[in-house]
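Notes follow once the structure below has been shown.
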Amino acid sequence: MDRLLTGAVLVLADDLMWSTRIVESVRRAGGSAIVLDTQADLAIALKAHEIGDQPAISGAIVDLALRGFDGATAIGEVHAARLPVVAVAEHDDQLTRKRALAAGATRVFSYRKFFEDGTRLVQKWLEANEPREP
């Protein structure tokens, strides 16, 4: 894909390996990524989105293994800002996955699935969330 899809994707990940993989998947899917690893960074990005500062934000991808803050809380904040959000998590951590979905994630991908198909998953997700022309 050679065109940039609407806006940037917030990548909430503080693990170097996973943040790098998520960012690369966003880039290969035609998006641009803004990596955030603290609650304060998320608040600033969402405030900028709210007041219309550039770049526009298309949505967020949250690594549920965040050490700096709670992934489900981050998902709730992104969802409250009326932005689509997906997450990545351990496939066997059902409680965390359920919390993420309850907080507003549209989907929770396992790390393995994201590792194997990340670019395709992000591309489909970005295309599905692209604003439709009237």
Side-chain angles (χ1 to χ4, degrees):
M1 166 167 273
D2 35 8
R3 71 182 180 89
L4 181 65
L5 296 170
T6 307
V9 175
L10 302 178
V11 174
L12 287 80
D14 55 12
D15 177 86
L16 180 59
M17 180 182 76
W18 276 107
S19 65
T20 302
R21 286 182 176 172
I22 295 168
V23 166
E24 185 60 19
S25 292
V26 170
R27 188 191 66 75
R28 286 184 179 164
S32 62
I34 300 172
V35 179
L36 308 173
D37 60 4
T38 69
Q39 191 74 34
D41 290 344
L42 176 59
I44 291 166
L46 293 177
K47 185 65 175 174
H49 171 72
E50 180 184 318
I51 61 175
D53 280 356
Q54 294 300 323
I57 299 170
S58 294
I61 301 171
V62 178
D63 178 358
L64 292 173
L66 285 164
R67 294 177 304 259
F69 55 100
D70 181 67
T73 299
I75 289 168
E77 291 178 19
V78 173
H79 182 71
R82 297 189 173 143
L83 291 168
V85 57
V86 296
V88 294
E90 293 291 335
H91 75 280
D92 58 351
D93 187 351
Q94 294 303 313
L95 179 60
T96 300
R97 294 169 71 86
K98 286 178 183 176
R99 284 185 65 225
L101 293 168
T106 56
R107 180 106 187 255
V108 180
F109 296 106
S110 70
Y111 287 121
R112 185 179 68 76
K113 179 72 171 165
F114 198 87
F115 177 72
E116 292 171 354
D117 300 324
T119 299
R120 185 184 57 76
L121 296 171
V122 172
Q123 186 174 6
K124 276 180 79 173
W125 179 66
L126 288 173
E127 289 171 349
N129 289 296
E130 212 173 19
R132 308 282 186 241
E133 294 198 24

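Keep in mind that the numbers below use all heavy atoms, side chains included, and drop hydrogens, waters and symmetry copies.
- Listed by chain and number, the residues in a side chain to side chain donor-acceptor pair (under 3.5 Å) with S19 amount to none (sequence neighbours excluded).
- The distance from the CZ atom of F114 to the CG atom of L121 is 6.5 Å, given to the nearest 0.5 Å.
- Across A29 and Q123, no two heavy atoms sit closer than the pair CB-N, 3.5 Å.
- One N or O on the side chain of D14 and one on the backbone of G68 form a donor-acceptor pair closer than 3.5 Å.
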V88 and V62: side chain to side chain contact (heavy atoms under 4.5 Å, CB included), yes or no, with the steps? CA-CA 6 Å; V88 294; V62 178; over 6 Å; no
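- In the hydrophobic clustering of this structure, M17 groups with V26; members are Ile, Leu, Val, Met, Phe, Trp, Tyr whose side-chain heavy atoms approach within less than 4.5 Å, directly or through other members.
- If you take OG on S110 and CD on E90, they are separated by 9.0 Å, rounding to the nearest 0.5 Å.
- Hydrophobic clustering, with ILVMFWY side chains joined whenever heavy atoms are under 4.5 angstrom apart, keeps I44 apart from L10.
- Here the side chains of R67 and D15 are in contact, with some heavy-atom distance below 4.5 Å.
- Using a 4.0 Å cut-off between charged side-chain N and carboxylate O, E24 and R21 make no salt bridge.
- Residues V23 and V35 form a side-chain contact, since some pair of their non-hydrogen atoms from C-beta on lies under 4.5 Å apart.
- Under the 4.5 Å side-chain criterion, counting only non-hydrogen atoms from C-beta, V122 is not in contact with V9.
- Residues L64 and D93 have side chains not in contact (no heavy-atom distance under 4.5 Å, counting atoms from C-beta outward).
- Listed by first and then second residue, the salt bridge (charged side-chain N to carboxylate O under 4.0 Å, His left out) pairs that reach into residues 111-121 are R112-E116, K113-D117, D117-R120, sequence neighbours excluded.
- Listed by chain and residue number, W18 satisfy the ring pair (Phe, Tyr, Trp, His ring centres under 6.0 Å) test with Y111 (two or more places apart in sequence, or in another chain).
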Donor-acceptor contacts, no H, no angles, side chain residues 73-86, under 3.5 Å, sequence neighbours left out:
{"from": "T73", "atom 1": "OG1", "to": "D70", "atom 2": "OD2", "distance (Å)": "2.8"}
{"from": "E77", "atom 1": "OE1", "to": "Q39", "atom 2": "NE2", "distance (Å)": "2.8"}
{"from": "E77", "atom 1": "OE2", "to": "Q39", "atom 2": "NE2", "distance (Å)": "2.6"}

Report the C-alpha separation of L12 and F69 in whole Å, then their side-chain angles, then the decisive distance to 0.1 Å, and conclude whether the side chain to side chain contact (heavy atoms under 4.5 Å, CB included) test is met. CA-CA 10 Å; L12 287 80; F69 55 100; 3.7 Å; yes
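- In this structure, the side chain to side chain donor-acceptor pair (under 3.5 Å) partners of T38, at least two apart in sequence or on a different chain, are D41.
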Evaluate the criterion side chain to side chain contact (heavy atoms under 4.5 Å, CB included) for residue pair V11 and I34; output intermediate values, then yes/no. CA-CA 6 Å; V11 174; I34 300 172; over 6 Å; no
